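In this text the structure is predicted, and so the values were computed from the model without any measurement. Every chain is numbered from 1, with letters handed out A, B, ... down the list of sequences.
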Number of protein chains: 2
Amino acid sequence: MKEHLFAGDAFDPGCPTRLVLDRIGDKWTVLVVLVLLDGRRRFSELRDTVGGVTPKVLTQTLRTMERDGLLTREVFAEVPPRVEYELTGLGRSLQVPIRAVSDWAEQHVHAVMAARDRHDAASGGDA
Amino acid sequence: MKEHLFAGDAFDPGCPTRLVLDRIGDKWTVLVVLVLLDGRRRFSELRDTVGGVTPKVLTQTLRTMERDGLLTREVFAEVPPRVEYELTGLGRSLQVPIRAVSDWAEQHVHAVMAARDRHDAASGGDA
DNA sequence: AGATACCAGTATCCGATGGATACCTTTGCG
DNA sequence: CGCAAAGGTATCCATCGGATACTGGTATCT
């Protein structure tokens with residue numbers, strides 16, 4: 001009776017939960033949310049804040065997030081153009097899981113890196 | 001002084017937190033953890049439980065997780081071969097963030113799907 | 001004896017995807 | 001005139017994920 005079993009059917013591909021997991025597991029999506037939690041931002045601000053993202057990928061990410069109802073895109077008919085992105089309530093609610101993940105990452109980065117170094121030393125260390 | 005700012009430097013590529021984020025944001029990693037939280041499993045059990053994973057990718061995932069200290073791999077020199085995987089303490093600690101993410105996904109799947117449908121109806125609905 | 005199955009992967013091939021770079025648009029300004 | 005600004009596209013390439021087939025050693029089935 002799976003009292004509090006989570007992700008019960010997440011193992012089934014095609015399960016909506018899987019789709020959503022894939023989305024919010026996306027690297028850039030997470031980072032974009034982190035930026036936008038601080039308030040609305042324009043495209044170039046996002047691009048500059050999130051290190052290493054290319055415009056194409058950022059556009060794709062933003063479009064998908066908009067499609068999924070995580071943020072809104074507002075275009076100002078000016079020159080030069082201005083476009084602002086802002087999280088919706090749904091997008092803001094991502095704060096909780098993302099924060100959990102970020103916290104874990106920061107707390108355990110050292111352990112992971114240490115394990116990685118140990119492994120490297122044991123296998124490819126002499127190459 | 002970023003009092004409680006999370007992911008402060010996660011925007012910097014090359015930041016270890018980013019590396020870890022990428023890892024645990026990985027679809028298969030998450031699902032493998034979910035299975036192994038229930039106890040040690042052998043390769044074929046994982047492959048069968050996690051829907052849609054191919055052996056190659058599963059192997060890659062497991063190898064990386066082992067390298068990162070998330071699980072242990074135990075080989076039994078038998079015929080036919082037997083290999084068992086088990087989460088380490090570090091791996092088990094992933095339960096917390098993963099659970100947060102899974103919970104979000106299950107709670108908001110409907111909202112996301114609805115937004116997606118709305119979007120599809122508005123743009124590609126007539127194609 | 002020979003074929004077969006078992007398990008945990010590899011090997012190989014292919015298409016999708018991510019990423020780097022260059023380019024486009026409009027219009028105000030020097 | 002022509003360059004700069006902003007928000008993307010267009011193009012190309014590398015990498016990766018995924019599908020399928022195959023391996024190896026033994027024990028058992030026929």
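Distance from the side chain of Arg82(B) is smallest to dA8(C) among dG18(C), dA8(C), dG8(D). Of all nucleotides listed (dG7(D), dG17(D), dG9(C)), dG9(C) comes nearest to the side chain of Val83(B).
Contact check, Arg47(A) against dG7(D): no side-chain N or O comes under 4.0 Å of OP1 or OP2. Between dG8(D) and Thr59(A), no contact under 4.0 Å exists linking OP1 or OP2 to a side-chain N or O. The shortest distance between the side-chain N/O atoms of Arg41(A) and the OP1/OP2 oxygens of dA6(D) is not below 4.0 Å. Residue Ser44(B) places at least one side-chain N or O under 4.0 Å from the OP1 or OP2 atom of dA8(C). Proximity of Trp28(A) to the phosphate of dG19(C): a side-chain N or O atom is located under 4.0 Å from OP1 or OP2. For dG7(D), neither phosphate oxygen OP1 nor OP2 lies less than 4.0 angstrom from any side-chain nitrogen or oxygen of Arg73(A). Side-chain N/O atoms of Gln60(A) include none lying less than 4.0 angstrom from OP1 or OP2 on dT17(C).
With hydrogens and angles disregarded, a donor-acceptor distance shorter than 3.5 Å links the side chain of Thr88(A) to the backbone of Gly69(A). When atom types are taken as modelled, the side chain of Thr61(B) and the backbone of Thr29(B) share no donor-acceptor pair closer than 3.5 angstrom. Without hydrogens or angle criteria, Arg18(B) side chain to Phe11(B) main chain gives a donor-acceptor distance under 3.5 Å.
Remark: P of dG17(D) and CG of Asp26(B) are 7 Å apart, rounded to the nearest angstrom. As rounded to whole Å, 15 Å separates atom C1' of dG19(C) from atom CG of Leu31(A). Arg42(A) has its CZ atom 7 Å from the C1' atom of dA6(D), to the nearest Å. Atom CZ in Phe43(A) sits roughly 16 Å away from atom P in dA5(D) (whole-Å rounding). For Leu58(A) and dG7(D), the CG to P distance is 11 Å, given to the nearest whole Å. Atom CD of Glu78(B) and atom C1' of dA27(D) are 13 Å apart (whole Å). Atom pair Glu74(A):CD and dG8(D):P shows a separation of 13 Å (rounding to whole Å applied). Taking atom CG of residue Asp22(B) and atom P of nucleotide dG17(D), one finds them 11 Å apart after rounding to whole Å.
Between the side chains of Tyr85(B) and Arg41(B), no donor-acceptor pair is found at a separation under 3.5 Å.
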| request: Any chance you could list the contact pattern along nucleotides 20-30 of chain C? Use B for base contacts, S for sugar-phosphate-only contacts and - for none, protein heavy atoms under 4.0 Å, 5' to 3'. | output: B-----BS---
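Expressed to the nearest 0.5 Å, how far CD of Gln95(A) lies from CH2 of Trp104(B) amounts to 12.5 Å.
Using a 4.5 Å cut-off between side-chain heavy atoms of Ile, Leu, Val, Met, Phe, Trp and Tyr, with links allowed through other members, Val75(A) and Leu70(A) fall into the same hydrophobic cluster.
The pair Arg40(B)-Glu84(B) counts as a salt bridge, with a side-chain nitrogen and a carboxylate oxygen less than 4.0 angstrom apart.
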| task | I would like to know whether Leu34(A) and Leu31(A) meet side chain to side chain contact (heavy atoms under 4.5 Å, CB included); could you show each step before the answer? | result | CA-CA 5 Å; Leu34(A) 286 175; Leu31(A) 295 172; 4.2 Å; yes
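Within the nucleic acid shown, Phe76(B) has no heavy atom closer than 4.0 Å to any nucleic acid atom.
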